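Read through the structure below, which is laid out as structure tokens, and then see the notes.
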2 protein chains.
Amino acid sequence: MAEKDTVRDQIVEAAKKRFSHFGYAKTTMAEVAGDCAMSPGNLYRFFPGKLDIAEAIATEDYSKHLDHLRKIAVAPGKDARQRLHDLLFEELRRTYHKLEKDPRAYQMARVISEERPKFANWMLENERKILVELMEEAERRGEFSIADKEFTAEMVQAATMKFRYPQLWSKLTLPKLERELEGVMDLIVRGLCPNAGAEHTAEAAE
Amino acid sequence: MAEKDTVRDQIVEAAKKRFSHFGYAKTTMAEVAGDCAMSPGNLYRFFPGKLDIAEAIATEDYSKHLDHLRKIAVAPGKDARQRLHDLLFEELRRTYHKLEKDPRAYQMARVISEERPKFANWMLENERKILVELMEEAERRGEFSIADKEFTAEMVQAATMKFRYPQLWSKLTLPKLERELEGVMDLIVRGLCPNAGAEHTAEAAE
DNA sequence: ATTCTGAATAATCAACAAATCGTTCAGTCT
DNA sequence: AGACTGAACGATTTGTTGATTATTCAGAAT
């Protein structure tokens, strides 16, 4: 029982080394098994398949990232705008740097997202929860109040989608991306016509 | 001289038929040339290459679309919010329907965007100009006024990027997409905290 | 002189064979 | 009985060959 977890971890560790060294596609189950001094077949007593090992690695790594984001979302001494700013920028920077300095990890993330849409969805859901926490904290502090937080979080994600998909960046540099994200955030926070807001608020609920 | 344009048009017409019938990849230059009763080599006196024929077709088609969008952007009898709504929805619907009912045209668009990034960029620029026109019209009518219209247009495009890339939709239905676009538009127009807008407006210009 | 042809060329694609690799499972070991 | 092995299997990938096709250009036709 407790044994199992040890072996599981050993497999994850071995796979992590191989994946980050040679990439997901270029490491074979036989190699991972070899590193753990066991037969390929035995891996399947601990994981349903190769992709699930990658998923385990990604989950572990991503969970740490989530903890970090959660702290940013409710950081004291910063107003809601700043917290949202920090949150979105942190995600952008993480993605950008992973792409730049660790292409192999990025490639692995791509494979998982493609092969396991559920996983990508789970990540979005988690980040949405954090956005909701941020808004709840803002409400608690009297910064502002939003009726449907879950829906609003979804829309914030939709509006910042561009910054989550490197495929859409087309050789844009980080500074350029940051400048754009800053602009989009402004749009989201302030709106196109902050003064005209009052007139339209009523009719918007069609 | 005037002759040249006639032949050019003939080639475009022949290619248009072939491309929409069998797809871009499945039609050969020899076939297009045959339809025009000329040799393959002669096509190259009128177009640098196959892709340029496709580009000519796309440009022609897209120009009509642009005229349509321009009308929507300055339509009388509608306020700025509605005009922006109509504009963004028209683009979404066009893309969606092209994808659904004319996969061959969509595939051609994909090839052009991939092979000729400049072209995709040109399209974005044109739509940005229309957004600027919309804002100028809004200013003229006293609906609202925006300082840097070019920049704001860029940000509106960034925020609505999701609705321009079918690759990101994967199985989302049009109603769901429309609901989302509606939400994002609300975010853009009204902002997250329309009441708190005044406090933050000053500090935002860091 | 200009317009066009069509064979030559080089790049791309399709199809097929060989090899590799993820996964399974009958059976061994402890 | 439970943990593990490793040969066997099928799917996927890789490598190769032949054909197709975009593009060029020397020269024919007008």
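We name chains A, B, ... by the order of the sequence lines, and we start the count at 1 in each one. All values derive from a computational prediction rather than experimental measurement.
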* Looking at C:dT5, D:dA3, D:dG6, which one has an atom nearest to any side-chain atom of A:Ser39? -> D:dG6
* Using a strict 4.0 Å threshold on nitrogen-to-oxygen distance, state whether A:Arg141 and A:Glu137 make a salt bridge. => yes
All N/O pairs under 3.5 Å across the protein-nucleotides 11-20 of chain C interface:
none

* Asked: Atom OH of A:Tyr44 to atom P of C:dT24: distance rounded to whole Å?
  -> 7 Å
* **Whole angstrom value for the distance that separates P of C:dG27 from CG of A:Asn42** => 19 Å
* Nucleotide nearest B:Pro40 when distance is taken to its side chain, options D:dG6, D:dA22, C:dG6 -> C:dG6
* Structure fact -> From CD of B:Glu115 across to P of D:dA22 the rounded distance in Å is 13 Å
* Asked: How many angstroms lie between CZ in B:Phe119 and CG in B:Leu124, if you round to the nearest 0.5 Å?
  -> 11.0 Å
* State which residues pass salt bridge (charged side-chain N to carboxylate O under 4.0 Å, His left out) with B:Arg110; sequence neighbours excluded, sorted by chain then number. => B:Glu114
* Salt bridge flag under 4.0 Å for residues B:Asp86 and B:Lys71 -> no
* Of the candidate nucleotides C:dG22, D:dA3, D:dT5, which contains the atom at the shortest distance from the side chain of A:Met29? -> C:dG22
* Asked: Quick one: is the NZ or CZ of B:Lys162 closer than 6.0 Å to the six-membered ring centre of A:Tyr165, and within 45° of its axis?
  -> no
* To do: Select one nucleotide: of D:dA22, C:dT5, C:dT23, the one nearest the side-chain heavy atoms of B:Lys50.
  => D:dA22
* **Spacing between A:Glu31 atom CD and C:dT23 atom P, to the nearest angstrom** => 15 Å
* To do: Rounded off to whole Å, could you give me the CZ-to-P distance for the A:Phe47 and C:dT24 pair?
  => 15 Å
* **A:Leu43 CG to D:dT5 C1', straight-line distance once rounded to whole Å** => 12 Å
* Take the protein atom CE of A:Met38 and the nucleotide atom C1' of C:dC29, then report the distance between them rounded to whole Å. => 16 Å
* Residue pair B:His85 / B:Glu182, side-chain donor-acceptor N/O under 3.5 Å -> yes
* With sequence neighbours left out, which residue pairs that include part of residues 34-43 of chain A fulfil the salt bridge (charged side-chain N to carboxylate O under 4.0 Å, His left out) condition? -> A:Arg18-A:Asp35
* Taking atom C1' of D:dA22 as reference, at what distance in whole Å does atom CG of B:Asp52 sit? -> 12 Å
